[in-house]
Novice: 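The following block contains the structure, expressed as structure tokens.
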Amino acid sequence: MARVETSSSRPYHLVIFGASGFTGQFVVEEVARTASEGPKGSLKWAVAGRSKQKLEKVLEQAAGALSKPELRAEVDIIVADVGEPDSLAAMCKQAVIVLNCVGPYRFFGEPVVKACVENGAHHIDISGEPQFLEGMQLNYSSQAAEKGVYIIGSCGFDSIPADMGVLYTRDQFKGTLTAVESFLTVSAGAEGGCIHDGTWQSAIYGFADSQKLQSLRRKFNHKPLPTVGTKLKRRGALFYSNELQQYSVPFMGSDPSVVKRTQRFLAEEYQATPVQYGAYAGIGGIGNIIKMLFAGMMFLFLVKFSFGRNLLIKYPEFFSFGMFSKAGPTRKQMEASSFQFTFYGEGYTEEQDTSQGKPNAKIRTRVQGPEAGYVATPIAMVQAALTLLNEAAAVPKKGGVYTPGAAFAKTTLVDRLNKHGIQFSVI
């Protein structure tokens, strides 16, 4: 069971590290908004980062946005830097949970995980980088288990909607669910939308390093998960989806990797039937396809070379056709944006033998919510933290490095998300 009590030497339930970064500022607002949902109706929290002045400014901004002038006096500031291990250790000693918002995680994530494990703080991040997430599992899971520390990765838009969405679909299915495909669509308002270039940088380095991910995975020596029911066929690199009535592509984020790790954990720990998973995203009509093919070819060519990566990083708006920008989206753009995952599942009814014949039942579910990167992500991250604080007895008994689905399968996280605008439903 996770240790979640504060003490005189560990005074904060939550410390938001990287609070003055682009995503961090919205996590600060979300924690301030939901502080009454902490243990016994209150939450003791602090913000942390390299610059005291920037952290003060973020608290001032949050106080103004939420009409809570008391934030500036009530929320403590901790100065900590990824490059200074002693400062990270001092921060982690004071926190029950560190909410780590400092990316790209491949460069800045490991020192924080290491400090958390060594100093007894749980760690929640919003990484969508499989190499970092799986690397932390390989390198820190046994240490974290020994210390009773829970390292829970990908607790933002990557990959709570997909991972918890598959579990929700399984739980709603009357019988044995064997396969799920998800289709993501994102909509923006009249002013359009974009993503901050921190995510763009993570994608650049992720593609450049894809060979390392393959060799990292071999080190786990995993046996293939058993396939129950019809083997799920992979769709093409570009196809017309009858489900969405638009052209679609395989989803390039961390969702497939995270879902697979969750299914492996649940199969090994609880003998659950593993659910096969395919993830896709709608891209719209012919105009968008042409844009995407052109941008994709340039990206895949440039990402191979150091000078090409530097160009991609320097001019994100140009090379992504405005999808990524150094400034990130405006609040107005965020308010008008939303996402929707539709899950198509199949399996066997309760009376049907899973070893006999093809799956004989289907289910369709949906997870929908506000703007993905900076509204839904802080909601998901903060609700994951509040779930750990309030439902420590429902997470796995041992500490370790977990996916959201592995950590929260037996909690009320889905209900909590439903109350905060990320809605799960059967359709």
Novice: Distance check, rounded to the nearest 0.5 Å: Thr23 atom OG1 versus Ile126 atom CD1?
Specialist: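 Output value for this atom pair is 5.0 Å.
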Novice: Between Trp200 and Phe299, is the ring centre distance below 6.0 Å?
Specialist: yes
Novice: Does the side chain of Ser425 pick up a donor-acceptor pair with the side chain of Gln423 at under 3.5 Å?
Specialist: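 No donor-acceptor contact under 3.5 Å links the two side chains.
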Novice: Does a side chain donor of either Glu110 or Tyr140 reach within less than 3.5 Å of an acceptor in the other side chain?
Specialist: yes
Novice: Quick one: does Ser51's side chain have a donor or acceptor within less than 3.5 Å of a partner on Lys54's backbone?
Specialist: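 Checked: pair present.
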Novice: Do we see a donor-acceptor contact under 3.5 Å between the side chains of Glu129 and Ser254?
Specialist: no
Novice: How far apart are the closest heavy atoms of Ala121 and Val98, and which atoms are they?
Specialist: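 Reported closest heavy-atom pair: CB-CG2, 4.2 Å.
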Novice: Are more than 12 heavy atoms from other residues, nucleotides or ligands located less than 6.0 Å from atom CZ of Arg33?
Specialist: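 Buried by this count: over 12 neighbours within 6.0 Å.
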Novice: Taking 4.0 angstrom as the limit, do Glu118 and Lys114 come out as a salt bridge?
Specialist: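 Looking at Lys114 together with Glu118, the answer is yes, because their closest N to O distance falls below 4.0 Å.
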Novice: Can you find a pair of side-chain heavy atoms, one from Val401 and one from Asn139, that are under 4.5 Å apart?
Specialist: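 The answer is no, as the side chains (C-beta and beyond) never meet within the 4.5 Å cut-off.
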Novice: Please name the pair of heavy atoms, one in Pro316 and one in Ser320, separated by the smallest distance, quoted to 0.1 Å.
Specialist: O-OG, 2.6 Å
Novice: For residues Gln276 and Val180, determine if any side-chain heavy atom of one lies less than 4.5 Å from a side-chain heavy atom of the other.
Specialist: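 No. Closest side-chain heavy atoms not under 4.5 Å.
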Novice: Determine whether the aromatic ring centres of Tyr247 and Tyr240 lie less than 6.0 Å apart.
Specialist: yes
Novice: Is the shortest heavy-atom distance from the side chain of Ser257 to the side chain of Arg217 under 4.5 Å?
Specialist: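 In short, these two side chains touch, coming nearer than 4.5 Å.
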Novice: Is the backbone N or O of Phe207 less than 3.5 Å from a side-chain atom of Ser210, with the two atoms forming a donor-acceptor pair by type?
Specialist: yes
Novice: Salt-bridged, Lys231 to Glu346, with N to O below 4.0 Å?
Specialist: no
Novice: Taking the six-membered ring of Phe173, is NZ or CZ of Lys362 closer than 6.0 Å to its centre and within 45° of its axis?
Specialist: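 Lys362 over Phe173 ring: no.
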Novice: Specify the closest pair of heavy atoms between Ala406 and Pro396, including all atoms of both residues, with the distance to one decimal.
Specialist: O-CG, 3.4 Å
Novice: Checking side-chain contact (heavy atoms from CB on, under 4.5 Å) for the pair Trp45/Val47: CA distance, chi angles, key distance, verdict?
Specialist: CA-CA 7 Å; Trp45 59 290; Val47 293; 3.9 Å; yes
Novice: Do the side-chain N and O atoms of Glu37 and His420 include a donor-acceptor pair separated by under 3.5 angstrom?
Specialist: yes
Novice: Any Lys/Arg nitrogen of Arg234 or Glu181 sitting under 4.0 Å from an Asp/Glu carboxylate oxygen of the other?
Specialist: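 Judged by the 4.0 Å cut-off on N to carboxylate O distance, Arg234 and Glu181 do not form a salt bridge.
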Novice: Which pairs count as salt bridge (Lys or Arg N to Asp or Glu O under 4.0 Å) when at least one residue sits in residues 187-206, sequence neighbours excluded?
Specialist: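 Qualifying pairs, neighbours excluded: Glu191-Lys332, Asp197-Lys326.
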Novice: Do Ser338 and Ser187 pair up side chain to side chain, a donor and an acceptor below 3.5 Å, judged on atom types alone?
Specialist: yes
Novice: Would you say the side-chain atoms of Thr176 pair up with the backbone N or O of Tyr348, donor to acceptor, closer than 3.5 Å?
Specialist: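 Not at all, since once roles are kept as given, no pair shorter than 3.5 Å links the two residues.
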Novice: Within the 4.5 Å heavy-atom criterion, are Glu243 and Thr342 side-chain neighbours or not?
Specialist: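 Side-chain contact under 4.5 Å: no.
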Novice: Using modelled atom types and a 3.5 Å cut-off, is there a donor and acceptor pairing between side-chain atoms of Thr377 and backbone atoms of Ala372?
Specialist: yes
Novice: Given the rule in the salt bridge (Lys or Arg N to Asp or Glu O under 4.0 Å) test, do Glu268 and Lys223 qualify, once you have shown the distances and angles that lead to the verdict?
Specialist: CA-CA 11 Å; Glu268 289 172 356; Lys223 293 191 180 88; over 6 Å; no
Novice: CE of Met292: more than 12 outside heavy atoms within 6.0 angstrom?
Specialist: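 Above 12, so yes.
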Novice: Check step by step if side-chain contact (heavy atoms from CB on, under 4.5 Å) holds for Thr262 and Val166.
Specialist: CA-CA 10 Å; Thr262 294; Val166 170; over 6 Å; no
Novice: What about Phe341 and Tyr168, are their ring centers closer than 6.0 Å?
Specialist: no
Novice: With no hydrogens and no angle check, is any side-chain donor or acceptor of Ser87 less than 3.5 Å from a backbone partner on Asp81?
Specialist: yes
Novice: Step through it carefully: locate the ring centre of Tyr402, locate the ring centre of Phe408, and say whether they are under 6.0 Å apart.
Specialist: no
Novice: I'd like to know whether Glu56 forms a salt bridge (Lys or Arg N to Asp or Glu O under 4.0 Å) with Lys52, so could you lay out the CA-CA distance, the side-chain angles of the two residues, the decisive distance to 0.1 Å, and finally the verdict.
Specialist: CA-CA 6 Å; Glu56 283 169 350; Lys52 189 168 188 279; 3.0 Å; yes
Novice: Is it the case that the ring center of Phe183 lies less than 6.0 angstrom away from the ring center of Tyr344?
Specialist: yes
Novice: Any side-chain donor-acceptor pair under 3.5 Å between Gln172 and Thr365?
Specialist: no
Novice: Check whether Asp163 reaches the backbone of Ser159 with its side chain - one donor and one acceptor, N or O, closer than 3.5 Å.
Specialist: no
Novice: Kindly indicate, with the supporting measurements, whether the criterion side-chain contact (heavy atoms from CB on, under 4.5 Å) is fulfilled by Met334 and Ser337.
Specialist: CA-CA 5 Å; Met334 286 185 225; Ser337 300; 5.8 Å; no
Novice: Please enumerate all residues that pass side-chain contact (heavy atoms from CB on, under 4.5 Å) together with Gln246, with sequence neighbours excluded.
Specialist: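 For Gln246, the residues satisfying side-chain contact (heavy atoms from CB on, under 4.5 Å) (neighbours in sequence not counted) are Thr185, Leu244.
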Novice: Going by heavy atoms in the side chains, are Ile97 and Leu388 under 4.5 Å from each other?
Specialist: yes
Novice: With the side chain counted from C-beta on, respond yes when Val275 and Thr178 share a heavy-atom pair under 4.5 Å apart, and no when they do not.
Specialist: no
Novice: Is any side-chain heavy atom of Ile160 less than 4.5 Å from a side-chain heavy atom of Val367?
Specialist: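 Of all side-chain heavy-atom pairs linking Val367 with Ile160, none is under 4.5 Å.
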Novice: Shortest non-hydrogen contact from Gly192 to Gln333?
Specialist: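 Residues Gly192 and Gln333, closest heavy atoms: O-CG, 3.3 Å.
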Novice: Is a side-chain N or O of Asp158 found less than 3.5 angstrom from the main chain of Ser154, in a donor-acceptor match?
Specialist: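 Flag not set: sc Asp158 to bb Ser154 has no pair under 3.5 Å.
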Novice: Might you point out which heavy atoms bring Ala361 and Thr349 nearest each other, and give the distance in Å?
Specialist: CB-CG2, 3.7 Å
Novice: Measuring from Lys397:NZ to Glu269:CD, what's the distance to the nearest 0.5 Å?
Specialist: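 Here the rounded value is 9.5 Å.
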Novice: If we check side-chain contact (heavy atoms from CB on, under 4.5 Å) with Phe17, which of these qualifies: Leu88, Asp125, Leu99?
Specialist: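 That would be Leu88.
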Novice: So, for Cys194 and Gly328, which heavy atoms are closest and what is the spacing to 0.1 Å?
Specialist: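 Closest approach of Cys194 to Gly328: SG-C, 3.5 Å.
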Novice: Any sub-3.5 Å donor-acceptor pair from Glu30's side-chain atoms to Ile379's backbone N or O?
Specialist: no
Novice: Salt bridge between Lys174 and Glu350, side-chain N to carboxylate O under 4.0 Å?
Specialist: no
Novice: Would you call the rings of Tyr374 and His196 parallel, tilted or perpendicular, where under 30° means parallel and over 60° means perpendicular?
Specialist: perpendicular
Novice: Test your reading of the model: is there a side-chain donor-acceptor pair from Tyr280 to the backbone of Arg235, 3.5 Å cut-off?
Specialist: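 At least one qualifying donor-acceptor pair exists.
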Novice: Apply side-chain contact (heavy atoms from CB on, under 4.5 Å) to residues Glu371 and Phe339 and explain how you reach the verdict.
Specialist: CA-CA 6 Å; Glu371 190 277 334; Phe339 77 87; over 6 Å; no
Novice: Within the distance-only criterion (no hydrogens, no angle test), does the side chain of His122 pair as donor or acceptor with the backbone N or O of Tyr150 below 3.5 angstrom?
Specialist: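 Confirmed, His122 side chain pairs with Tyr150 backbone.
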Novice: How far does NZ of Lys212 sit from CZ of Arg106, to the nearest 0.5 angstrom?
Specialist: 8.0 Å
Novice: Look at the rings of Phe22 and Phe26 and say which category their plane angle falls in: under 30° parallel, 30 to 60° tilted, over 60° perpendicular.
Specialist: perpendicular
Novice: Rounded to the nearest 0.5 Å, what's the gap from OG1 on Thr34 to CD on Gln383? Could you check?
Specialist: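 Separation between the atoms: 6.0 Å.
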Novice: Is the shortest side-chain heavy-atom distance between Tyr205 and Asp209 below 4.5 Å?
Specialist: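 Result no, sub-4.5 Å side-chain heavy-atom pair not found.
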